[in-house]
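Input: a single structure, listed below in structure tokens.
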Amino acid sequence: MAIASMLLTACGGGDGEDSDRAPLRPPPKVAALGPFVGECGHVTDDEVRDIGGLGRISQVYRNAVGCNWQSAGASSPSVTFASYRGSPIDRERAWVSLQGRGPEVIEVGGRRGFQALDPSGRVCDLAVQLDDDFFEWSTFTGNFSEVSGNPCDRMRKLADLTLRRLG
């Protein structure tokens, strides 16, 4: 009995003394919300169609954090907008890198971000930092698209519209 009592005492009796010795952790950081980017980045369907080079839009999907516009047909062009509140842009940059698209640092409207073009020249991701938030415009030019030029140039134009219309 005496041995069991000593073991229990050595392991702590649950009297709260251990809680006083627990290391103090700083409170978690609360991300400050950046400017409101509006539904679909404050850009209209017609602007996405014209700037994004979609030709004709057959479907538009909208939800609380993003929008997607698609042309008609299999493997057709698409454009996507997404807004990320309190999320690190570096996580997105790392994901884009893992997809084989080497991100390069850019500036749009005085804001830093990155753009990443895949080796085929058909996919571009362009993200812009807004305080602790960021937004991203992405495009897939389609497998049989006749749209020429760098798709990142078109995403930059959409990002610039979003920044000029911040709420």
Side-chain angles (χ1 to χ4, degrees), residues 28-167:
K29 180 184 178 209
V30 177
L33 295 180
F36 179 59
V37 295
E39 182 181 75
C40 301
H42 290 302
V43 178
T44 68
D45 294 348
D46 289 339
E47 290 169 326
V48 170
R49 181 194 67 229
D50 296 343
I51 295 170
L54 296 181
R56 191 185 75 155
I57 296 175
S58 66
Q59 293 182 323
V60 179
Y61 301 100
R62 290 179 171 86
N63 64 34
V65 295
C67 300
N68 176 267
W69 298 263
Q70 294 187 344
S71 290
S75 298
S76 63
S78 64
V79 172
T80 302
F81 172 82
S83 174
Y84 299 89
R85 291 279 201 188
S87 182
I89 195 171
D90 288 333
R91 184 179 342 181
E92 185 70 10
R93 184 186 335 256
W95 183 85
V96 165
S97 295
L98 287 173
Q99 304 311 305
R101 299 188 286 274
E104 65 179 86
V105 174
I106 61 164
E107 190 173 296
V108 180
R111 307 269 186 161
R112 290 182 54 94
F114 72 85
Q115 71 179 27
L117 182 64
D118 81 319
S120 74
R122 294 190 314 218
V123 177
C124 176
D125 300 296
L126 190 143
V128 177
Q129 187 78 53
L130 297 172
D131 301 328
D132 287 331
D133 306 337
F134 73 96
F135 68 85
E136 182 174 29
W137 281 99
S138 301
T139 189
F140 168 61
T141 62
N143 289 332
F144 309 106
S145 176
E146 295 181 21
V147 176
S148 62
N150 183 336
C152 289
D153 294 341
R154 292 189 294 280
M155 295 305 96
R156 182 183 288 265
K157 287 178 184 175
L158 290 168
D160 186 58
L161 281 177
T162 298
L163 288 170
R164 286 191 280 147
R165 297 173 181 169
L166 286 178

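Quick note: numbers below take in every heavy atom, side chains included, and nothing from hydrogens, waters or symmetry partners.
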Do any pairs count as a salt bridge (charged side-chain N to carboxylate O under 4.0 Å, His left out) and have a residue in residues 88-98, sequence neighbours left out, and if so which ones?
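Matches after skipping sequence neighbours: Asp90-Arg93.
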Under the salt bridge (charged side-chain N to carboxylate O under 4.0 Å, His left out) definition, can you give me all pairs with a residue in residues 54-79, not counting sequence neighbours?
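Those involving residues 54-79 are Glu39-Arg62, Asp45-Arg62.
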With sequence neighbours left out, what residues match Phe140 under ring pair (Phe, Tyr, Trp, His ring centres under 6.0 Å)?
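Listed in chain order: nothing, the list is empty.
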For Phe134, ring pair (Phe, Tyr, Trp, His ring centres under 6.0 Å) partners two or more places apart
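Ring pair (Phe, Tyr, Trp, His ring centres under 6.0 Å) check on Phe134 returns Tyr84.
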Nearest non-hydrogen partners of [X] and [Y], listed with the distance:
X      : Y      : result
Ser76  : Ser71  : OG-O, 2.7 Å
Gly86  : Asp133 : N-OD1, 2.7 Å
Ala116 : Val96  : CB-CG1, 3.1 Å
Phe135 : Val37  : CD2-CG1, 4.0 Å
Cys152 : Leu126 : O-CD1, 3.9 Å
Ala127 : Ile89  : CB-CD1, 3.8 Å

Interatomic distance, [X] atom [atom1] to [Y] atom [atom2] [nearest 0.5 angstrom]:
X      : Y      : atom1 : atom2 : value
Tyr61  : Cys67  : OH    : SG    : 12.5 Å
Thr141 : Arg154 : OG1   : CZ    : 7.0 Å
Leu163 : Arg156 : CG    : CZ    : 10.5 Å
Asp153 : Ile51  : CG    : CD1   : 12.0 Å

Summary of side chain to side chain donor-acceptor pair (under 3.5 Å) pairs that have at least one residue in residues 96-121, sequence neighbours excluded
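Those involving residues 96-121 are Arg101-Asp125, Asp118-Ser120.
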Between the side chains of Asp46 and Arg49, is the shortest nitrogen-to-carboxylate-oxygen separation below 4.0 Å, so that they form an ion pair?
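So Arg49 pairs with Asp46 through a salt bridge.
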Quick test of your reading of the model: are Glu47 and Arg165 salt-bridged, counting only N-O distances below 4.0 Å?
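Yes.
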Check whether any side-chain heavy atom of Val123 lies under 4.5 Å from a side-chain heavy atom of Ser138, and answer yes or no.
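They are not in side-chain contact.
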My understanding is that only residues two or more places apart in sequence, or in another chain, count here; which of them pass side chain to side chain donor-acceptor pair (under 3.5 Å) with Gln70?
Asn68
Evaluate the criterion side-chain contact (heavy atoms from CB on, under 4.5 Å) for residue pair Thr162 and His42; output intermediate values, then yes/no.
CA-CA 6 Å; Thr162 298; His42 290 302; 5.6 Å; no
Keeping Asn63 on the side-chain end and Val65 on the backbone end, is there a donor-acceptor pair under 3.5 Å?
yes
Please work out whether the ring planes of Phe81 and Trp137 are parallel, tilted or perpendicular, with thresholds of 30° and 60°.
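The arrangement is tilted - the two ring planes meet at 30° to 60°.
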